[in-house]
Amino acid sequence: MILGVNYFPWYGFEPGTGISVGGLGSEHWNSNIIDRERRTGALLGIYDPVVVTPELGFYASDDADVIAQQVAWMRATGIDVVMINWWGWGDDDLNGVEDNSGRAAIERATKALFSHIEQFGGAIKAFIQSENWMVPAEQWDA
């Protein structure tokens, strides 16, 4: 039997810049606020508020210590494969210029996870689940 896990490298980045900050209120640690559509301020209602503090705190997904602990837990649990939910490079129009700092942060966290698994993951394998990241936000159907 193969045991796998879905991994989400979206957490703890500053909205709009992609800087790793961690903490409540950073990307996907939105606590009591429902994410608002940035252009209009309209409620999307697609994110539930965080109600329990994670064991590692409100971390940033590219934090090396957090990744090391998560991979150690995967090994201890007997995880064989990790499916990483990835949203693209941060160059949405593929012109060589980073134009989406949030996706660039996810790319950074994804590379950090792959690197750690390669060095310390033992037999764990990882692959990317590519989201349809080329669809403009205004066409998303929540």
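All values below were derived from every heavy atom in this structure, side-chain atoms included, with hydrogens, water molecules and symmetry-related copies excluded. All residue numbers refer to positions in the sequence shown, counting from 1. Quick caveat, the model's predicted, so the values are computed rather than measured.
Judged as a side chain to side chain contact (heavy atoms under 4.5 Å, CB included), and not counting sequence neighbours, the contacts of Phe127 are Val81, Met83. Listed by chain and residue number, Asp62, Arg108 satisfy the side-chain hydrogen bond (donor to acceptor under 3.5 Å, both in side chains) test with Ser20 (two or more places apart in sequence, or in another chain). With sequence neighbours left out, the side-chain hydrogen bond (donor to acceptor under 3.5 Å, both in side chains) criterion links Glu14 to Thr17.
Within the model, atoms CD1 of Ile124 and CD of Glu118 stand 13.0 Å from one another, a figure rounded to the nearest 0.5 Å. One distance of note links CG of Asn100 with CD1 of Ile106; it measures 8.0 Å at 0.5 Å rounding. Note that CH2 of Trp87 is 14.0 Å distant from CD1 of Ile128, once rounded to the nearest 0.5 Å. The CG atom of Leu24 sits 9.5 Å away from the CH2 atom of Trp29 when rounded to the nearest 0.5 Å. Rounding to the nearest 0.5 Å places CD of Gln129 at 5.5 Å from CG of Asn6.
Using a 4.0 Å cut-off between a side-chain N of Lys or Arg and a carboxylate O of Asp or Glu, Glu107 and Arg103 do not qualify as a salt bridge.
Between Asp80 and Lys125, the closest side-chain pair of non-hydrogen atoms is not below 4.5 Å.
Counting all heavy atoms, side chain and backbone alike, Ser26 lies closest to Gly12 at OG-CA, 3.1 Å. When all heavy atoms of Leu56 and Gln70 are compared, the pair lying nearest together is CD1-CG, 4.1 Å. The minimum heavy-atom distance between Ala112 and Ile67, with the atom names listed, is CB-CD1, 3.5 Å. The minimum heavy-atom distance between Ala60 and Val21, with the atom names listed, is CB-N, 4.4 Å. In this structure, Pro9 and Ser61 approach most closely via the heavy-atom pair C-OG, 3.3 Å. Residues Gly18 and Phe13 share a closest heavy-atom pair of O-CD2, 3.6 Å.
In this structure, Asp91 contributes its side chain and Asn95 its backbone to a donor-acceptor pair below 3.5 Å. Side-chain N or O atoms of Ser115 include none that pairs as donor or acceptor with a backbone N or O of Lys111 at under 3.5 Å.
Cluster annotation: Trp10 and Ile19 are assigned to distinct hydrophobic clusters (Ile/Leu/Val/Met/Phe/Trp/Tyr, side-chain heavy-atom contacts under 4.5 Å, transitive). Tracing side-chain contacts under 4.5 Å through hydrophobic residues (I, L, V, M, F, W, Y), one reaches Tyr59 starting from Trp73; they form part of the same cluster. There is a path of hydrophobic side-chain contacts, each under 4.5 Å, that joins Val71 to Tyr7. When the side chains of ILVMFWY residues are joined at heavy-atom separations under 4.5 Å, either directly or via intervening members, Phe120 and Leu113 end up in two distinct hydrophobic clusters.
Applying the 6.0 Å contact sphere to CG of Leu3 captures more than 12 heavy atoms from other residues, nucleotides or ligands. Within 6.0 Å of CD in Gln119 there are more than 12 heavy atoms belonging to other residues, nucleotides or ligands.
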